[in-house]
Amino acid sequence: MPTHRRLAVASDGTVVANANPRPRVVSVNVGAVRSVEWQGEVVQTGIWKSSIGAGSVRVEGVNLVGDDQADRTVHGGPDKAVYAYATEDYDHWRDVEGIATEPGLFGENLTVEGIALGECVVGERWLVGDVLLEVAQPRLPCYKLGIRLGDSRFTRRFMQVSRLGAYLRIVRAGSLRAGDSAEVVERPTHGVTLGLMGAAVRDPTLRERLLAAPQLPPFWR
């Protein structure tokens with residue numbers, strides 16, 4: 001059975017595999033749409049997410065129960081139903097970029113650990129609780145991430161650092177909670193990773209390679 005790998009960086013800069021911690025959900029986060037003032041205008045956004053704590057949450061349709069998005073034309077939907085972000089990537093933002101981080105800061109529903117999200121492939125399936133999720137695409141941030149961070153330039157910074165997180169489809173509805181393992185139960189062999197997709201945004205010569213993934217969302221095709 002395929003498993004996630006966590007990557008660590010040695011003191012000499014070498015990237016090495018680290019088996020711990022086990023791939024799991026450390027926080028489940030949801031949030032309602034709110035109105036915020038930004039640059040003289042009132043903006044509707046659902047990017048503020050808060051941990052639900054130790055309880056379980058139902059995952060079905062295109063959402064988590066209790067969660068919402070303000071603009072469904074660019075957020076949510078089958079190919080962006082659940083957003084996952086890794087503690088290892090938050091570590092970078094805290095330790096290298098100097099940002100005080102917390103679960104849900106970037107608007108993710110699942111804060112996970114032990115998963116190198118950039119290495120996940122399109123169509124890879126995770127069993128979390130009794131929910132079956134499928135990796136669909138990386139996050140391409142909009143200006144509302146800048147609103148959440150209080151920095152209008154943060155969207156460009158987020159893309160440059162290229163720690164984008166993973167959008168997931170809901171293949172089978174169910175319930176999950178913090179502490180649940182994230183077990184890979186299926187991984188396609190086409191090799192189209194979320195990291196490659198993010199790189200293709202900046203380098204057009206890579207874009208044709210994405211077509212090798214049958215599960216690629218229509219937007220990317």
Taking it one step at a time, do Arg187 and Cys120 satisfy side chain to side chain contact (heavy atoms under 4.5 Å, CB included)? CA-CA 9 Å; Arg187 177 178 287 145; Cys120 293; 5.9 Å; no
Could you walk me through whether Arg157 and Ile99 pass side chain to side chain contact (heavy atoms under 4.5 Å, CB included), step by step? CA-CA 12 Å; Arg157 186 175 172 190; Ile99 294 174; 4.1 Å; yes
If you apply the rule side chain to side chain contact (heavy atoms under 4.5 Å, CB included), what do you find for Met197 with Leu206, and how did you get there? CA-CA 8 Å; Met197 294 175 73; Leu206 298 175; over 6 Å; no
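Contact check for Phe158 versus Leu164: side-chain heavy atoms found under the 4.5 Å cut-off. Val43 places a side-chain heavy atom less than 4.5 Å from the side chain of Ile147. For the pair Arg125 and Val184, the minimum side-chain heavy-atom distance is 4.5 Å or more. Contact check for Arg177 versus Val25: no side-chain heavy atoms found under the 4.5 Å cut-off.
Taking 4.0 Å as the cut-off between side-chain N and carboxylate O, Arg24 and Asp180 do not count as a salt-bridged pair. Checked for salt-bridge contact, Glu88 and Arg163 miss the test: no charged N lies under 4.0 Å from a carboxylate O.
Judged by distance alone, the side chain of Glu97 and the main-chain N or O of Arg94 form no donor-acceptor pair under 3.5 Å. Side chain of Thr45 to backbone of Ile47: a donor-acceptor contact under 3.5 angstrom is found. Using modelled atom types, one side-chain atom of Lys49 and one backbone atom of Gly46 make a donor-acceptor pair closer than 3.5 Å.
Hydrophobic clustering (side-chain heavy atoms under 4.5 Å, transitive across Ile, Leu, Val, Met, Phe, Trp, Tyr) groups Val135 together with Leu140. By the criterion of side-chain heavy atoms lying less than 4.5 angstrom apart, applied directly or through intervening Ile, Leu, Val, Met, Phe, Trp or Tyr residues, Val26 is not grouped with Trp126; the two fall into different hydrophobic clusters. Residues Leu105 and Met159 share a hydrophobic cluster, clusters being chains of Ile/Leu/Val/Met/Phe/Trp/Tyr side chains in contact below 4.5 Å.
Taken from CD in Gln69 to NZ in Lys80, the straight-line distance is 10.0 Å, to the nearest 0.5 Å. We find the CG-CG distance between Asp67 and Asn63 to be 5.0 Å, quoted to the nearest 0.5 Å. Note that CD of Glu186 is 8.0 Å distant from CG of Leu132, once rounded to the nearest 0.5 Å. Considering CD of Glu183 and CZ of Arg22, their distance stands at 11.0 Å, rounded to 0.5 Å. Distance CZ/Arg172 to CD/Glu60: 14.0 Å, rounded to 0.5 Å. Taken from CD in Glu124 to CG in Leu117, the straight-line distance is 9.0 Å, to the nearest 0.5 Å.
With sequence neighbours left out, Ile52 forms a side chain to side chain contact (heavy atoms under 4.5 Å, CB included) with Val28, Val30, Val57. Applying the side chain to side chain donor-acceptor pair (under 3.5 Å) test to Asp203 and every residue at least two apart in sequence or in another chain returns Thr205. Partners of Tyr83 under the ring-ring contact (aromatic ring centres under 6.0 Å, His included) rule, at least two apart in sequence or in another chain, are Tyr167. For Asp130, the salt bridge (Lys or Arg N to Asp or Glu O under 4.0 Å) criterion is met by no residue, not counting sequence neighbours. Applying the salt bridge (Lys or Arg N to Asp or Glu O under 4.0 Å) rule to Arg169 yields the partners Asp79, Glu134; only residues at least two apart in sequence or on another chain are considered. With sequence neighbours left out, the salt bridge (Lys or Arg N to Asp or Glu O under 4.0 Å) criterion links Arg139 to no other residue. For Tyr90, the side chain to side chain donor-acceptor pair (under 3.5 Å) criterion is met by Glu108, not counting sequence neighbours. With sequence neighbours excluded, the residues forming a side chain to side chain contact (heavy atoms under 4.5 Å, CB included) with Val82 are Val59, Leu64, Asn109, Leu110, Leu133, Leu168, Ile170, listed by chain and number. The side chain to side chain donor-acceptor pair (under 3.5 Å) search around Asp71 returns Thr73, not counting sequence neighbours. For Ser51, the side chain to side chain donor-acceptor pair (under 3.5 Å) partners two or more places apart in sequence, or in a different chain, are Ser27.
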Would you list the atom pairs, donor with acceptor, under 3.5 Å between side chains in residues 32-40 and any protein atom, with sequence neighbours excluded?
| from | atom 1 | to | atom 2 | distance (Å) |
| --- | --- | --- | --- | --- |
| Ser35 | OG | Gln44 | OE1 | 3.4 |
| Ser35 | OG | Gln44 | NE2 | 2.5 |

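Here the closest non-hydrogen pair linking Gly198 and Pro138 is N-CG, 4.3 Å. Between Ser175 and Val131, the closest heavy-atom pair is N-CG2, 3.4 Å.
Atom CZ of Arg156 has 12 or fewer neighbouring heavy atoms from other residues, nucleotides or ligands inside a 6.0 Å radius. Counted within 6.0 Å of CZ on Arg153, heavy atoms from surrounding residues, nucleotides or ligands total 12 or fewer; the atom is thus considered open.
The side-chain hydrogen bond (donor to acceptor under 3.5 Å, both in side chains) contacts involving residues 208-221 comprise Gln137-Trp220, His190-Gln215, where partners must be two or more places apart or lie in separate chains.
Ring-plane geometry between Phe106 and Phe154 is classed as tilted, the angle between the planes lying from 30 to 60 degrees on a 0 to 90 degree scale.
Using modelled atom types and a 3.5 Å distance limit, the side chains of Thr111 and Asn29 yield a donor-acceptor pair.
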